Protein chains: 2
Amino acid sequence: MHDVAALAGVSHQTVSRVLNDFAGVKPDTRERVTEAINALGYRRNLAARTLATGRSQSIGVLAPEVPNFGPMASLAAVERAAREAGFYSLVISTTPEPARVAEALDYLLGKSIDALVLMAQQRSVVDAVTSTAVGLPIVYLLTGGESSDWAVSVDQGAGVDIAVQHLIDLGHRRIQHIAGPIDFSEARLRRLAFDRIVAAHGLDSLPLLIGDWTADSGYAAALALDPTATAVFCANDQMAVGAIHALVDSGRRVPEEVSVVGFDDLPEAKHSLPPLTTVHQDFEGVGHRAMEVLLARLNEQGCPTIDPFVPWLVERASTAPPRTNHPT
Amino acid sequence: MHDVAALAGVSHQTVSRVLNDFAGVKPDTRERVTEAINALGYRRNLAARTLATGRSQSIGVLAPEVPNFGPMASLAAVERAAREAGFYSLVISTTPEPARVAEALDYLLGKSIDALVLMAQQRSVVDAVTSTAVGLPIVYLLTGGESSDWAVSVDQGAGVDIAVQHLIDLGHRRIQHIAGPIDFSEARLRRLAFDRIVAAHGLDSLPLLIGDWTADSGYAAALALDPTATAVFCANDQMAVGAIHALVDSGRRVPEEVSVVGFDDLPEAKHSLPPLTTVHQDFEGVGHRAMEVLLARLNEQGCPTIDPFVPWLVERASTAPPRTNHPT
DNA sequence: CCTGGTAATGTTCACGGTAACATTTGATGA
DNA sequence: TCATCAAATGTTACCGTGAACATTACCAGG
C-alpha cells in the first residue's frame, strides 16, 4: 500500500480512503491512486485489514461433511446471499464428533468471523457449538426446528402429514416407513410425525426400517419390507429410489402393488421410473432466509418470528390406490 | 495473548512458543501457560498470525457454483486431504464469468492463501486465472486434461471409448450422443471422443443433441432422438436418467428398443430403472491426488508425471443388443 | 488582508501475533 | 569459585491496514 501511495504521491491513508470508498477524496487524487493500484497490481491484505478492524466481513458456515443435495442447495443459497450482502462465507465442513466440531469452530472463531451459520443435522453438533460459541450472532439451519431461537427450518411434521395423508386418501392402511439415521434431527422428526399420523388414523403399526439416506440402504431396507404393506413412506428420495428398485427386483410392481413416497423432491425424482411422488422442500429458500435473518440480526434489527417453511406434496406416478383394498 | 502471558507469569513470546509447539520450553512452564490458556478461553487470532508470517496455512479452492455430484465429491476429497495435511481450505465458488472469477481470485489472494486448487470445468475460468495468478502453486482439476502442467484429470477419451465400444460390441451401429454444454471442457472432450470413435468404426453420424447436464434437459433431448437410433450415449448420468424417462414416455422400451449409457456412475445410477450402464469416474481419487500433487509442489519435490485417471465401464441393464440387428 | 471554517490530506498509533536477537538462568568442569 | 555454554525466557521490531487525530490548503466573508 505504501508503494501505491508513493507512486501516486499521496499518503497510505489516502490510498486506504480510496479503497474504502470514503467521501472527501478529490476526484483527480482518486484517479491517480486508482491508476497506481492498477499499475502495481496491488491487492490489499485482508489479514491486516481484519486485524486492524477486528472484523473480517465474512460469515462462518459450519456444514455437514456428507454432500447431500439438500444441504448443498441450502449452502449454495447461503453463500450467494452472503456475497450479495457484501460478505464472504467461510465454509468448513465437519463430521459430527464433538472434537471435530470444536476444532472447526476454533478455526472459524480464530478467523474473526462476524457471524455463524450452523448447518447441523445432528443434535450433538448443536450442543457442541452452543457450549462454546460466544458473542456471535448465530443462525441455525437444518435442525428440523428443534432449537427455537434464530432457527430457520422446514416444517417436517407438515411434510410427513401431507405425504402420509395422501397415501391414506388413496386407501392405504398398511403403510411402512423407511427412516433415516436416527441421530439426524430430520430423520427423527419425520419418524415421529409418521408414528403420530399412523396412530391418529388408527392404522396398523408396521416395523420400522432404517436406512442411511443412500439409495443402497433404501434398497436393502425395502427387501425387508412387510409383505402385507401396500405403501412405503421413505424419509428421502434416494432411499425411495433404492426401495423402488428393490421392490421391482423382488417382483412387486410400483405403484400397482406397492406405492412409494419420497421426501425432498430432488431434480431427478420426476424422472425416476415411475416418477416419484414426494414432498418438495425449498432448500434454497431456507438458505436464503437464513442469511436474511442473520443480516437483520447483524444490523440489530429484531427479527421476531421466523415461520418455518411449509413443504408441499408433488404427486407423481409412484403412488396409486392399493389393489387389495380397491380391486378394480 | 498478553493476558495469558500475564496470568502465567511469562512473556507473550513464551506463550507463542507453547502454541507453536516449540522445543525448549520447560514442562512446568508449558503447563502453566496451557492452564492460563484454558482458564481464559484464549484463542489465537489467525489474522494476526497470517499477517506476521505471511502465510495462512490454508489453500484456496476455486470451485464451480453449480453443485453437481462429481465436483462436490472431488471437493470433499480435496478438503479432507488438505485438513489431514494440516491445511485449511478456503473454498469459494463462482460462476464462470471472468469478472466473477477475478473477484473470487482477488479475495483468495487477499487472504494470503499458500496455494490454489482450481476446479475449472470451463476453459474461460482457467484463462481468467492464469492471466492473473502469480507466484502461487496451482493445481488444476476437472479441466479434462486440457492444461497439461499440474493438472489432475480423468481420461475422458478412454471413458468414452469403453462406453461406445460396449455399444458397438453389442451390435449397435446407430448411436446418438447427448452432449453437455459445449463450453464445458468435459462435455467437449466427450463429444470429440464420441465423434472420433464413431468415425473410426465407420458408423453413421447422427445429429448431435445437447443438454445442460440436468435430467430435465436429458428428457427434452431424448424426445428429439433420431427414430432410427438404437442406442444413446449421454454425457452424464442425470441426462441419461432423463433420457430413459423420455424414451419410456414416448413408448420406446429401454433397453429392448433403445440402449442408454451414462457417464459418472452416480450412487443412484445402479438403482435407476433399468439400472444404468455407465462409466465410473473416481471423483474422490482425483480430489485426493490433487492435494498430493499440491503438497509435493509446496515441499519443492518435483512431481514429474501425473497420470490421468482411467475410468471404467459399469455394465448394467440399460444396454442390450439392438433388436433390429439381431432379431431373436 | 486577515479570520474562520471546511475540505483534503498527512501522521501516529494500535491491532495480535512471530522472528530475530538479547538476556537471564542453571548446570558443568577446571 | 568462577568461566563457559546451552537452555530457557524476555525484548524489540515489524507484518499491512484502519481509526483517531493533526495538519495543510483553500475559499468565503468581514
Side-chain angles (χ1 to χ4, degrees), chain A residues 1-37 40-58 86-88 106-114 134-135, chain B residues 1-37 40-58 86-88 106-114 134-135:
Chain A
M1 185 181 264
H2 287 87
D3 296 346
V4 173
L7 181 57
V10 299
S11 75
H12 79 275
Q13 181 61 330
T14 299
V15 177
S16 173
R17 281 191 265 256
V18 170
L19 283 170
N20 294 326
D21 264 334
F22 277 159
V25 177
K26 264 204 257 180
D28 69 325
T29 308
R30 181 181 300 270
E31 192 177 353
R32 252 184 310 138
V33 170
T34 309
E35 274 171 22
I37 286 174
L40 273 65
Y42 165 78
R43 173 173 297 126
R44 93 173 118 192
N45 183 319
L46 293 181
R49 179 182 160 87
T50 297
L51 182 58
T53 61
R55 278 171 310 140
S56 58
Q57 285 295 312
S58 65
F87 284 85
Y88 282 96
D106 244 38
Y107 173 72
L108 289 175
L109 293 176
K111 281 280 191 184
S112 314
I113 53 171
D114 298 337
V134 280
Chain B
M1 184 180 262
H2 287 85
D3 297 346
V4 172
L7 181 57
V10 298
S11 76
H12 74 278
Q13 180 62 337
T14 300
V15 177
S16 173
R17 280 191 265 257
V18 170
L19 283 170
N20 293 325
D21 265 335
F22 276 162
V25 177
K26 264 204 261 182
D28 68 325
T29 307
R30 180 182 300 269
E31 191 177 352
R32 250 184 312 141
V33 171
T34 310
E35 274 172 22
I37 288 174
L40 272 66
Y42 165 78
R43 172 173 298 123
R44 93 174 117 191
N45 184 318
L46 294 180
R49 179 182 159 87
T50 297
L51 181 58
T53 60
R55 278 172 308 143
S56 59
Q57 284 296 310
S58 64
F87 284 85
Y88 282 97
D106 243 38
Y107 173 72
L108 289 175
L109 293 176
K111 281 280 191 186
S112 315
I113 53 172
D114 299 336
V134 279

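Just so we're clear, the structure is a prediction, and the values are computed from it rather than from any experiment. Lettering follows sequence order; numbering is per chain, from 1.
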So if I take every side-chain heavy atom of [X] and compare against [options], which nucleotide ends up nearest?
X       : options                : answer
B:Val25 : C:dC15, D:dT9, D:dT17  : D:dT9
A:Ser11 : C:dG10, D:dC15, C:dG17 : C:dG10
B:Gln13 : C:dG16, C:dT11, D:dG10 : D:dG10

Taking only the side-chain nitrogens and oxygens of [X], find out if one of them lies under 4.0 Å from OP1 or OP2 of [N].
X       : N      : value
B:Thr14 : D:dA8  : no
A:Thr29 : C:dT9  : yes
A:Arg49 : D:dG18 : yes
A:Arg17 : D:dA19 : no
B:Arg55 : C:dT18 : no
A:Thr53 : D:dG18 : no
A:Asn45 : D:dC15 : no

Problem set entry | Nearest-0.5 Å distance, CG of residue A:Asp114 to OG of residue A:Ser56 | 4.0 Å

Backbone N or O of [Y] within a donor-acceptor pair of the [X] side chain at under 3.5 Å?
X       : Y        : answer
B:Thr29 : B:Val25  : no
A:Asn20 : A:Phe22  : no
A:Arg43 : B:Gly110 : no

For this session: Ignoring hydrogens and angles, answer whether the base of D:dT9 and the side-chain atoms of B:His12 contain a donor-acceptor pair closer than 3.5 Å.
Result: no

Exercise. Does B:His2 make a side-chain donor-acceptor contact with the base of C:dG17, cut-off 3.5 Å?
Worked result: no

For this session: Whole angstrom is fine here: how far is it from CG in A:Asn20 over to P in C:dT9?
Result: 16 Å

